[in-house]
Amino acid sequence: MPKKSLGQNFLKSQDILSNIVNSGNISKKDIILEIGPGTGNLTEKILEKAPERFIVIEKDKKLSELLHKKFRGKIEIINKDILDCYNSFVFNKKVKVFGNLPYNISTKILISFLKIYNLKDKFEKFIFVFQKEVADRILAEENSKNYGRLSILTSLKMNSNKITDIDPKYFYPKPKVWSTLVTLSPKLDFEEMKSNQHLEHITNIFFSQRRKMIKKPMKQLFTEFEKVAKDLDLDLNLRPQNLSKNQYLDICKIFDVLN
Ligand code: SAH
């Protein structure tokens, strides 16, 4: 019986599974990490590409045992919660991460990876299936209703790409919502700075007052807010959702220098 509490919705369409695998361009030299392999549907497809190393992390003990039986020595199985071990892998090569993610914690998983120091040196690409509503928020641009913290935080370190929407009928059990396959690649020109924590703080201040003019959050963040606004060519009468991702990154950089 699939466990709802662990977000167990298994993919059963071979076409969709192939689409996910192909979105990762796996070569025989790759190190692959899969989050939540479940009964191993995606795992099996990835194995066909014969990556050099293949590690899977599955929280469900029963499913981990099933995977042991099914794949014997072909993959390394870690029976843990991804949120407890996402930052503990050390490899000599950048890793590709796959996952048809458990919906209840998919945003948490993404945010956790975003917080990893020097993400771009450790990870090559993330190939994730999110519930569509979360993917829409990740991919949104300014002046749209889904635009917000998740869009901005993701864009600090990643280029994201929508591959396709996935009908609930391709899963067992059938979820109530549509899903979306997204690839995320760490930005190679991103320099680690204090920005990480700062951008969370800044977007929190802006978006907790979504409908107010940005004058208020700017005032909260900077003593000389009018000068900062002028330097960045920001109209203080705008609303938070009107500022582009780059404008938030610019605000963040100034905040970095001052704090
Ligand atoms: N990849 C499989 C299953 C996806 S369902 C397929 O596409 O068919 C999500 C899987 O994530 C389930 O197997 C669930 O047990 C596992 N899971 C849920 N929470 C987890 C966590 N915190 N850490 C690791 N795995 C988790």
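Note that ligands are numbered from 1 as they come in the structure, with each ligand's atoms numbered from 1 the same way.
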Sub-3.5 Å pairs, protein N or O with ligand 1 N or O:
{"from": "ligand 1", "atom 1": "1 (N)", "to": "G36", "atom 2": "O", "distance (Å)": "2.9"}
{"from": "ligand 1", "atom 1": "7 (O)", "to": "N100", "atom 2": "ND2", "distance (Å)": "2.7"}
{"from": "ligand 1", "atom 1": "8 (O)", "to": "L11", "atom 2": "N", "distance (Å)": "2.9"}
{"from": "ligand 1", "atom 1": "13 (O)", "to": "G38", "atom 2": "N", "distance (Å)": "3.3"}
{"from": "ligand 1", "atom 1": "13 (O)", "to": "E58", "atom 2": "OE1", "distance (Å)": "2.8"}
{"from": "ligand 1", "atom 1": "15 (O)", "to": "Q8", "atom 2": "NE2", "distance (Å)": "2.9"}
{"from": "ligand 1", "atom 1": "15 (O)", "to": "E58", "atom 2": "OE2", "distance (Å)": "2.6"}
{"from": "ligand 1", "atom 1": "22 (N)", "to": "D81", "atom 2": "OD1", "distance (Å)": "2.8"}
{"from": "ligand 1", "atom 1": "23 (N)", "to": "I82", "atom 2": "N", "distance (Å)": "2.9"}
{"from": "ligand 1", "atom 1": "25 (N)", "to": "K59", "atom 2": "N", "distance (Å)": "3.4"}

So if I apply the side chain to side chain contact (heavy atoms under 4.5 Å, CB included) rule between I163 and each of V182, V129, L181, which one comes out positive? L181
Applying side-chain hydrogen bond (donor to acceptor under 3.5 Å, both in side chains) to Q14 and K45, what does each step give before you reach the verdict? CA-CA 9 Å; Q14 293 302 315; K45 279 268 178 226; 3.1 Å; yes
When you look at NZ of K62, are more than 12 heavy atoms from neighbouring residues, nucleotides or ligands closer to it than 6.0 Å? no
Check ion pair K69-E65 (N to O, under 4.0 angstrom): no
R137/E133 ion pair, N-O < 4.0 Å: yes
For the residue pair F71 and F54, is the inter-centroid distance of their aromatic rings smaller than 6.0 Å? no
